[in-house]
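Within every chain, numbering begins at 1; the chains are lettered A, B, ... in the order of the sequence lines, protein sequences first and strands thereafter.
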Amino acid sequence: MSAHALPSPAEDFSAWYNDIVYRADMAAQSPVRGCIIIKPYGWEVWEGIKSALDRRFKALGVQNAYFPLLIPESYMRREAEHVEGFSPELAVVTVGGGKALEEPYVIRPTSETIIGEAFSQWIQSYRDLPFLINQWANVVRWELRTRPFLRTAEFLWQEGHTAHADHDDAEAFTLQILDVYADMAIREAAIPVIKGLKSDSERFAGALRTYTIEGMMGDKKALQCGTSHNLGQNFARVFDIQYLDASNQRQYCWTTSWGLSTRMVGAVIMAHGDEKGLRMPPRLAPIQVVIVPIFKTDDEKTAVMESVEALRAELTAAEVRAHVDARDYQPGYKFNDWEMRGVPVRLELGPRDVQSGSVVAARRDQPGKEGKRTLRREQIGAQIKLLLDEIQANMLALATAFRDANIIDVASYDELRQVVESGGFARGWWADSAVNERQIKEETGATHRCYPLDQPDGEGACFYSGAKTRRVALFAKAY
RNA sequence: CGGGGUGUGGCGCAAUCUGGUAGCGCGCUUGCAUGGGGUGCAAGAGGCUCCGGGUUCAAAUCCCGGCACCCCGACCA
């Protein structure tokens, strides 16, 4: 472990991020370019995200399945936009068992094609619809510029694939999934994401419409945290996914796909972290409560450790994820260490507390003395659960206030430039134009993030072109 | 894909310009003290200096060739 100080997120957010990922033991560098090793502390955050999503998917009737890692190269070529979108970043397997393969396999960058092929065989009747499948998998995209969790050459995600009888059902499901993503981000990760529709130039390769949840990170940049695509009938036509409707007519299905990845772990780090390190939202925190025993003599140690163990047992019984830090370090060292790792609550228990039947609690979301209080030992499990809920709510409130303070309405291009310059999301009337969007991106570095689903009434003049429009869009620099 | 940087004990670095026994901090091990906000002292363990070739009495250091990773930018669901 290095001894140098953590970079300040205010001064160099990027350096801070890179440093904290490794310092907090979320991940390690691997021998493979652009690929990280996800260490237990980072993995548990992903597991939390995963189980929160999986519950919600299953409640919608989605079933999990698993498809091969390798996809025949020809599959990727079938959908024109899809090929164009993905071919530059494909990893291809050309040799197997020492022999050149007759047809190379690509390592999946996403599975629309191979799942589409399967759907074409499985779906026959309108009675089979909707057909709802999800898989938890790893994918590979040969990205040129990688960052731990945010963009890695190999990453883990879930990809959902569904088939529906008509446009409206597919559209409704696409939006239902978007709600699931937003609900998970807000309630579990305490990140107040904005649900929105992507512009045509930001749309998924081959999709009719792409919806997104956009989060604001600590440096006021945007991060696309998950996407849900209505694929229309494009993939159904290409892979021949057809069904017989109630009047015995052959119809192409309407399909959707949707994904959320380990990037979300990066979002949690960047949305909540501060100059002391990570701040984990309690619901996703691998360790919710760390207990630091304090003692001098052996006699004290015996008494304290006995009390600490009883405390841990009570918390565990109350379904609080508690950890005892019995390492042979100074208490001060441990305090800083766990603050860096973002543990929401620290309990200090020493001889004085054993005597008085109390314990000192410190909140990670409130700095210094302000966050410290002495709790009675009675009903400690219930007290801590309440405290964790309070911290979760406070983190969401803080992030929401931060987001709202940094979404700024713009009425002109100059105003947008200023917002982009000083950081934040610029919101303004926008008359859809790929050309103008490109121009803004080249001149300011900001991209069209989305048309928020939550739109104002009426119409206004586009901040860029002046044309009348009924839609408001968000622009920001993004990861 | 462009630009920059770096490869030396587990980690972070020095020594490279000016060739001559590879050194420091952190971490690790052991002991004693210490312990309610990053402890102190002492003694230890640990190195084909990225790879290949060349120059030289002698290469971490100079020369040639390769490889790898990181950072910044463009690109990107």
Fill in the blank from the handout: Taken in chain and number order and not counting sequence neighbours, the residues that satisfy side-chain hydrogen bond (donor to acceptor under 3.5 Å, both in side chains) with A:E154 are A:N138

Handout entry: P gap between B:G9 and B:G52, integer Å
Key = 16 Å

Practice task
Using a heavy-atom cut-off of under 4.0 Å over every strand shown, decide if A:Y211 touches base, sugar-phosphate, or nothing.
Solution key: nothing

Problem - Pair assignment for RNA chain B - dot-bracket with | for other-strand partners, Watson-Crick or G-U under 3.5 Å - result: (((((((..((((......[..)))).((((((.....)))))).....(((((..]....))))))))))))....

Handout entry: Spacing of A:E370 atom CD relative to B:G37 atom C1', expressed in whole Å
Key = 17 Å

Practice task
Taking atom C1' in both B:G5 and B:C24, compute the distance separating them and give it to the nearest angstrom.
Solution key: 23 Å

Exercise for the section: For B:G38 versus B:C26, give the span between their C1' atoms, rounded off to a whole number of Å. Expected result: 13 Å

Practice task
Would you please indicate if the ring centroids of A:H167 and A:W254 are separated by under 6.0 Å?
Solution key: yes

Practice task
Tell me which of A:E339 and A:R438 sits closer to the 5' end of RNA chain B, going by the nucleotide each one is nearest to.
Solution key: A:E339

Exercise for the section: Say whether A:S111 and A:Q135, considering side chains only, have a donor N or O and an acceptor N or O under 3.5 Å apart. Expected result: yes

Practice task
Could you tell me whether A:P351 contacts a base, only the sugar-phosphate backbone, or nothing, with contacts defined as non-hydrogen atoms closer than 4.0 Å?
Solution key: base

Handout entry: C1' gap between B:G47 and B:A42, integer Å
Key = 25 Å

Handout entry: Inter-nucleotide C1' distance (B:G46, B:G3), Å rounded
Key = 39 Å

Exercise for the section: Can you check each nucleotide of nucleotides 65-73 of chain B against protein heavy atoms at under 4.0 Å and return B for base, S for sugar-phosphate only, - for none, in 5' to 3' order? Expected result: ----SSSSB

Practice task
Could you give the distance separating B:C69 and B:C57 at their P atoms, to the nearest angstrom?
Solution key: 38 Å

Problem - Atom-pair distance (CZ on A:R203; P on B:C76), nearest Å - result: 14 Å

Exercise for the section: Could you tell me whether A:P293 contacts a base, only the sugar-phosphate backbone, or nothing, with contacts defined as non-hydrogen atoms closer than 4.0 Å? Expected result: nothing

Exercise for the section: Please state the C1' separation for the pair B:G12 and B:U6 - nearest whole angstrom. Expected result: 13 Å

Exercise for the section: Name all pairs fulfilling the ring-ring contact (aromatic ring centres under 6.0 Å, His included) condition that reach into residues 207-228 of chain A, sequence neighbours left out, sorted by first residue then second. Expected result: none

Exercise for the section: With sequence neighbours excluded, tell me which residues meet side-chain hydrogen bond (donor to acceptor under 3.5 Å, both in side chains) with A:E79. Expected result: none

Practice task
Using a 4.0 Å heavy-atom cut-off across all strands, classify A:R346 as base, sugar-phosphate, or nothing.
Solution key: base

Exercise for the section: Mind calculating the distance between CD1 (A:I294) and P (B:U34) to the nearest angstrom? Expected result: 17 Å

Handout entry: Exercise: do A:D219 and A:Y479 side chains pair donor with acceptor under 3.5 Å
Key = yes

Distances for protein N or O near nucleotides 38-44 of chain B N or O, under 3.5 Å:
residue	atom	partner	partner atom	Å
B:G38	O4'	A:N336	ND2	3.2

Practice task
Rounded off to whole Å, could you give me the CG-to-P distance for the A:L347 and B:G36 pair?
Solution key: 17 Å

Practice task
For A:K369, report the nucleic acid contact type (base, sugar-phosphate, nothing); a contact means any heavy atom under 4.0 Å.
Solution key: nothing

Exercise for the section: Round to a whole Å and report the spacing from OH of A:Y479 to C1' of B:C75. Expected result: 17 Å

Completion exercise
Correct closest heavy-atom pair for A:A91 and A:W142 would be CB-CE3, 3.9 Å

Practice task
In whole angstrom, give me the gap between the C1' atoms of B:U55 and B:C63.
Solution key: 7 Å

Completion exercise
The salt bridge (charged side-chain N to carboxylate O under 4.0 Å, His left out) partners of A:E300 (sequence neighbours excluded) come to none

Problem - Of A:E442 and A:V359, the one whose closest RNA chain B nucleotide lies more 5' - result: A:V359

Problem - Residues that A:Q439 engages under side-chain hydrogen bond (donor to acceptor under 3.5 Å, both in side chains), provided they are two or more places apart - result: A:E443

Fill in the blank from the handout: In whole angstroms, the gap separating P of B:C76 from CD of A:E84 amounts to 11 Å

Problem - Sugar-phosphate only, base, or nothing, as touched by A:W258 at under 4.0 Å among non-hydrogen atoms - result: nothing

Exercise for the section: Measure the distance from CZ on A:F204 to C1' on B:C76 and round it to the nearest whole Å. Expected result: 13 Å

Completion exercise
To the nearest angstrom, the CH2-P distance between A:W338 and B:G37 comes to 19 Å

Handout entry: Charged N-O contact under 4.0 Å between A:R364 and A:D274
Key = yes

Handout entry: Listed partners of A:R376 passing salt bridge (charged side-chain N to carboxylate O under 4.0 Å, His left out), at least two apart
Key = A:E378

Exercise for the section: Verify the distance criterion only: is there a donor paired with an acceptor across the side chains of A:T162 and A:T256 at less than 3.5 Å? Expected result: yes

Problem - A:S8 side, atom OG; A:E275 side, atom CD - distance, nearest 0.5 Å - result: 7.0 Å

Identify each donor-acceptor pair in which a side-chain atom of residues 284-291 of chain A lies under 3.5 Å from a protein atom, sequence neighbours left out, and give them as a table.
residue	atom	partner	partner atom	Å
A:Q288	OE1	A:R321	N	2.8
A:Q288	NE2	A:P282	O	3.0

Completion exercise
So, with a heavy-atom separation below 4.0 Å from RNA chain B, the residues of residues 36-51 of chain A are none

Handout entry: Touch class at under 4.0 angstrom, heavy-atom based, for A:V360 against every strand present
Key = base

Practice task
Not counting sequence neighbours, which residues clear ring pair (Phe, Tyr, Trp, His ring centres under 6.0 Å) with A:F57? List them please.
Solution key: A:W258

